[in-house]
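One structure below.
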Number of protein chains: 2
Amino acid sequence: MQVSLQALKAFESAARQGSFKLAAEELSLTPTAISHHVSNLESRLNVNLFHRHGRRISLTGTGKRLAEATSDGFRKIDSALEEVMKAGSAVRVTTTSSLAAMVLIPAQHEFEQANPDFSMEVSTGESVDSQSHIIPIRFGDASVAEDSDIISYESFNVFGAYGMKPPSWSNDSITLFTTEWKNRLLPDPPLAAWLEKNGLDGSNIKLKKLDQEFLGIQQAMAQNGLVFCSTTLTKRLLEANLLQQFETEPVKSDLCYYVPNKDSYETRSAARFLNWIEDIFKQ
Amino acid sequence: MQVSLQALKAFESAARQGSFKLAAEELSLTPTAISHHVSNLESRLNVNLFHRHGRRISLTGTGKRLAEATSDGFRKIDSALEEVMKAGSAVRVTTTSSLAAMVLIPAQHEFEQANPDFSMEVSTGESVDSQSHIIPIRFGDASVAEDSDIISYESFNVFGAYGMKPPSWSNDSITLFTTEWKNRLLPDPPLAAWLEKNGLDGSNIKLKKLDQEFLGIQQAMAQNGLVFCSTTLTKRLLEANLLQQFETEPVKSDLCYYVPNKDSYETRSAARFLNWIEDIFKQ
DNA sequence: AGTATAGATGATTTAAACTCATCTAGAGGT
DNA sequence: ACCTCTAGATGAGTTTAAATCATCTATACT
């Protein structure tokens, strides 16, 4: 006394639409299939689900009750399925505006080219965070993040527009853009450590602080000064000969990019994306 | 990009039970079938639903979410289905204790014999009325019930134990059991009309009132007197030579048996039962 | 280490689902 | 009133999906 789910699905559609023909269209079947399914259901359940007035049909009371429950049930299943399918067919990433603007968005096309099954969506801002299938790439304190979640430890260096003559560190008056995070809990960019490592005292450096790294990078490209920022963000611009670096040594920072609960992303698209982004950071 | 409902059902069971083997048992399939279904689902959705630790499995986050929704959905559908199946496989009737005791229960076996597909359940009392698939046969005022709902208009007559000598209506002192309904809105048994129709004045009749007709019938069978009651209840006892009637004429009453919203019972078992009970009343 | 068990994988079989051809009964138009 | 057109019913035949069988792998337990 088993009833098939497909028969129920056919019945549900016919009940909702009030017509076998329309149900057949909805399910990409022939009206005959619907008719068979419904009558099969009726005989298995020993119940009439539709009244037949010649070529018109209407639900019986029992039919109505069954239709309501099955509609609810299938709706629930369908919406969950849809969500999973969305998660499976696209990677949604949210991150800082700097990483998005300097790395993810420029590389978005490459990713989609290499992974034609998936599309990739990048968003910034705090709004739709933790929506379960959106991958957040956070920028934060390496000592706070889980080791296994960390994608890259950030190093910092100074960069300038491509083609400018290298500054004379000791004599010139230098404008240097750096970043003061909006979030005061984050470690500052390691400028002091950088100066020390490169044997500079910084007395002739005029600091200008912005709250996003990429704003400083844009200023540097606009020849308005140099920028002290993380190397990940500038890699692409160096390769594209839009920025250059000088004879200075980069310094490590306490900052890192990480994905909270990285291991909990099991969709294939997410796995593919995470591998891909880790490769990018490693290069 | 269609996923089959059976695959979802297999996944749901595996997720709930935490094992392909158990899911296979639950669905009367082989573990292989479950494995195929799940991996088919995973590749269609581009998502891993289970972690595989060698021979042990556990749900991924996505799997958990999908499992919850599908479980809910299928639960809903299953319970509706179960209710419909119950309604389809059995007739549940509730009615007065008199009709149940004198007519339905004695005939129950005949019905099941003639309709081996269905079982029949009889209950009395007001408790589990209107439970949607329970058919209530009410005893009431014919002017209040819908015409199309009425199964039979009741006639009344006097009956005595089989084998007793017919009473001498004018001389003997006669004990007559009759009924005073608990529900005071019901028309009284038409005793006055019966006396008139049979040319009796009733002066030598000692009335004893009980609140159920079948109680009076039992008294009559126990030779404790005669009973004035509806003819439907006594038909079977007359045939079985347990009761007899005399040279008196029956009278019509304002009482009837009816099934509220008779036309709304569309299960095959209910239709079969209603036809059957109408036949019984007609005979 | 050896055995037993859960699951994966691929080929084959089986059964369910679907369609096609044909038929019936209203509904709608003239 | 008649013809036509459409929705659905029915039965036989076909196709596809689902289930199994045989085989293999990894691992848990003795």
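Here is how names work: the chains are called A, B, and so on, in the same order as the sequence lines, proteins then strands, and each is numbered from 1. Heavy-atom basis, side chains included; hydrogens, waters and symmetry copies ignored.
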*Report yes or no: is the cationic atom of B/K252 (NZ for Lys, CZ for Arg) closer than 6.0 Å to the six-membered ring centre of B/Y153, at no more than 45° off its axis?*
no
_Using heavy-atom distances to pick each residue's nearest nucleotide on DNA chain D, tell me which of B/R56 and A/S19 is more 5'._
A/S19
*Tell me: CG of B/N40 to C1' of D/dA19, nearest whole Å?*
13 Å
*Upstream residue (5' side of DNA chain C) when A/I34 and B/T32 are each assigned their closest nucleotide*: B/T32
_Considering every strand and a 4.0 Å limit on heavy-atom distances, what is the contact class for B/S4: base, sugar-phosphate, or nothing?_
sugar-phosphate
*Strictly by modelled atom types, are A/E154 and A/S230 linked by a side-chain donor-acceptor pair under 3.5 Å?*
yes
*asked:* Quick check on C/dC18: is either OP1 or OP2 less than 4.0 Å from any side-chain nitrogen or oxygen of A/T30?
replied: no
*If you check the B/R52 side chain, which of D/dA9, C/dA4, C/dA8 turns out closest?*
C/dA8
*Reckon B/H37 touches a base, only the sugar-phosphate, or nothing at all at heavy-atom distances under 4.0 Å?*
sugar-phosphate
_Candidate pair A/E239 and A/K235, rule salt bridge (charged side-chain N to carboxylate O under 4.0 Å, His left out), full reasoning_ = CA-CA 6 Å; A/E239 283 164 10; A/K235 192 180 304 158; over 6 Å; no
_Can you say whether a donor on the side chain of A/H36 sits under 3.5 Å from an acceptor on the base of D/dG11, or the other way round?_
yes
*Per A/R55 side chain, nearest of listed nucleotides D/dA19, D/dT6, C/dA17*: D/dT6
*Considering only NZ, NE, NH1 and NH2 on the basic side and carboxylate oxygens on the acidic side, decide whether B/E68 and B/K64 come within less than 4.0 Å.*
no
*Does a distance-only test, which skips hydrogens and angles, find a donor-acceptor pair under 3.5 Å between the side chain of A/H53 and the base of D/dG8?*
no
